[in-house]
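Chain identifiers are assigned alphabetically (A, B, ...) following the order of the sequence lines, protein sequences preceding nucleic acid strands; residue numbering begins at 1 within each chain. Any value given below was found using the heavy atoms of this structure, including those in side chains, with hydrogens, waters and symmetry copies removed.
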2 protein chains.
Amino acid sequence: MAATDAPVRAIDRALDILDCFEPGQLELTLTDIANRIDLSMSTTSRIVATLEKRRYLVRNTDTQRYSLGSRIAQIGALGLSSMDLRKIALPYMRDLNALYNEGVSLYVIRDDERICVERVESTLPLRRVVNVGDRHPLTRGAAGRVLLAYLPRERREAILARDPFTSEEALEELRHGGYTVSLGEREEGVSSIAAPIQDARGEVIAAVSMSGPSVRFEGSGFSDKISKVKKTAELISRALGR
Amino acid sequence: MAATDAPVRAIDRALDILDCFEPGQLELTLTDIANRIDLSMSTTSRIVATLEKRRYLVRNTDTQRYSLGSRIAQIGALGLSSMDLRKIALPYMRDLNALYNEGVSLYVIRDDERICVERVESTLPLRRVVNVGDRHPLTRGAAGRVLLAYLPRERREAILARDPFTSEEALEELRHGGYTVSLGEREEGVSSIAAPIQDARGEVIAAVSMSGPSVRFEGSGFSDKISKVKKTAELISRALGR
DNA sequence: TATCTTGTTCCGTAGAATAGAATATTTCGT
DNA sequence: ACGAAATATTCTATTCTACGGAACAAGATA
């Protein structure tokens with residue numbers, strides 16, 4: 001095992017301390033922290049003092065309890081600005097592409113349509129080519145329906161009113177199953193599977209889909225493909241902090 | 001010099017690494033980082049690996065450069081919510097107090113109990129006095145049940161096992177109705193109404209309650225009070241970014 | 001007032017963390 | 001295409017950091 005496989009113990013412990021703070025538990029005593037991470041008071045005191053000095057923790061002078069410090073908000077804002085959905089999603093999309101050698105796309109909503117923002121192409125001669133930048137209606141195709149399904153009700157109804165190609169029933173079923181398929185629906189002979197990607201707050205912000213000639217989306221392997229598309233969406237969501 | 005005056009070196013170094021990321025410099029190589037903090041490559045590699053494992057840093061598989069990871073955004077959001085709850089909630093609590101001249105309290109969970117962290121008192125001679133810092137079981141009283149109802153199942157069940165004063169059925173009904181009342185339950189002659197407050201992620205992090213002598217919580221005006229308490233909780237939640 | 005709980009400081013020592021060396025991989029200049 | 005330079009990874013002997021228990025201090029509670 002490489003030396004880098006074992007985490008630096010003191011750093012692990014410091015991060016354990018930061019992890020003690022959670023919604024509804026935003027202020028903790030030294031004893032609270034020591035108990036949660038199962039460390040001695042003196043060790044905890046030293047680590048907490050280091051985090052306090054660097055303003056990752058702050059001590060409330062009235063209650064003598066600790067909260068996350070101002071530096072946390074600062075690097076949080078920096079972290080958000082640095083995070084790029086495409087960069088995060090791409091490795092997982094590649095993994096999915098590697099499994100089946102089918103095209104894998106990432107879609108987000110823009111101007112009440114969906115747009116492809118990332119793509120991993122198949123190398124097979126027979127393929128459904130998709131380009132980054134391609135735009136399509138939300139009501140048509142698997143990825144479109146996924147993005148439509150999680151919009152606020154009024155917005156969703158307005159889009160369906162303009163182009164009633166799918167239905168609330170279909171969208172409800174999609175939300176229940178966590179994926180949808182399109183079999184030759186937008187293009188004859190082309191099928192796809194799509195699943196929703198959630199951000200750290202649980203909002204659906206993108207859809208990942210895998211598509212190709214319908215002939216390769218039939219038979220017994222199909223449910224395996226569905227399962228893997230859903231898994232890819234989950235992994236991307238996790239990587240985004242869900 | 002006390003031991004806690006000297007920071008834990010490895011932790012200081014890890015935080016030095018996080019500090020290397022700044023606007024306009026959101027992606028760095030291992031060498032960049034080692035140079036900035038003046039550490040050997042092998043030491044830097046090990047610290048960076050620890051931060052990566054804990055998702056404080058993430059490595060771009062194409063460029064092999066490091067960025068701040070998803071955990072940074074998570075704790076950043078937490079840090080922000082920790083700072084603001086009482087300040088944000090107080091004006092809405094005062095508004096509710098102004099409507100009825102009844103006491104209004106803000107509760108959060110601490111050590112599997114609820115604690116009052118903000119209070120607007122009634123000026124009427126007959127009043128149920130509550131002090132900031134007062135602690136009570138989660139299983140008793142309206143605010144306690146509200147906080148208990150939205151805890152993760154295992155944690156909730158553990159608390160109910162220790163003090164089965166309320167039930168899963170009652171908590172389910174509460175989640176459905178979005179509020180609960182306590183009529184002389186914890187203290188004879190005292191009644192209260194409580195509703196949940198959600199943060200930007202939709203997590204229930206606090207409860208707002210209005211309480212006073214039961215004689216003032218009867219009759220036709222009661223449902224109006226319920227409606228206003230729920231509204232106050234909603235407004236506070238919105239102000240927190242929900 | 002006595003006891004308990006929480007927090008701080010001190011200190012001997014085990015082993016974690018270190019950096020240099022060796023090696024591997026990638027990038028760059030010619 | 002190839003060699004040099006730069007970047008990155010892994011290994012390991014050594015040092016001294018980080019550790020936790022003990023002693024003590026301060027605050028809370030019965």
Whole-Å distance between [N] [atom2] and [X] [atom1]?
X	N	atom1	atom2	result
I33(A)	dG7(C)	CD1	C1'	12 Å
I37(A)	dC19(D)	CD1	P	10 Å
R9(B)	dG15(C)	CZ	C1'	13 Å
L28(B)	dT7(D)	CG	P	13 Å
R65(B)	dA6(D)	CZ	C1'	13 Å
R36(A)	dT6(C)	CZ	P	14 Å

From the set [options], return the single nucleotide nearest to any side-chain atom of [X].
X	options	answer
S45(B)	dT8(C), dA18(D), dT10(D)	dT10(D)
I47(A)	dC19(D), dG7(C), dA17(C)	dC19(D)
M41(A)	dT7(D), dC19(D), dT6(C)	dT6(C)

*For residues F217(B) and G212(B), report the shortest heavy-atom separation together with the two atoms involved.*
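Smallest heavy-atom distance, with atoms named: CE1-N, 3.5 Å.
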
List for me each residue that meets salt bridge (Lys or Arg N to Asp or Glu O under 4.0 Å) alongside [X], sequence neighbours excluded, and say none if there are none.
X	value
R54(A)	D12(B), D16(B), D19(B)
E168(B)	R156(B), R175(B)
R9(B)	none
R59(B)	none

Under-4.0 Å side-chain N/O to phosphate OP1/OP2 contact, [X] with [N]:
X	N	answer
R59(A)	dT8(C)	yes
R46(B)	dA17(C)	yes
R13(A)	dC19(D)	yes
T31(A)	dG7(C)	yes

Only counting residues at least two apart or in another chain, list the ones meeting side chain to side chain donor-acceptor pair (under 3.5 Å) with [X].
X	value
E173(B)	none
Y150(B)	none
K225(A)	none

*asked:* For the residue pair D224(A) / S227(A), report whether a side-chain donor-acceptor contact shorter than 3.5 Å exists.
replied: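 S227(A) vs D224(A): no donor-acceptor pair found between side chains.
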
Tabulate atom names and distances for all N/O pairs under 3.5 angstrom spanning the protein and nucleotides 22-29 of chain C.
none

Kindly give the atom pairs (protein nitrogen or oxygen, nucleotide nitrogen or oxygen) under 3.5 Å for nucleotides 21-27 of chain D.
unit_1	atom_1	unit_2	atom_2	d
dG21(D)	O6	S42(A)	OG	2.8

_For L30(A) and D38(B), find the nucleotide of DNA chain C closest to each by heavy atoms; which residue's nucleotide sits nearer the 5' end?_
L30(A)

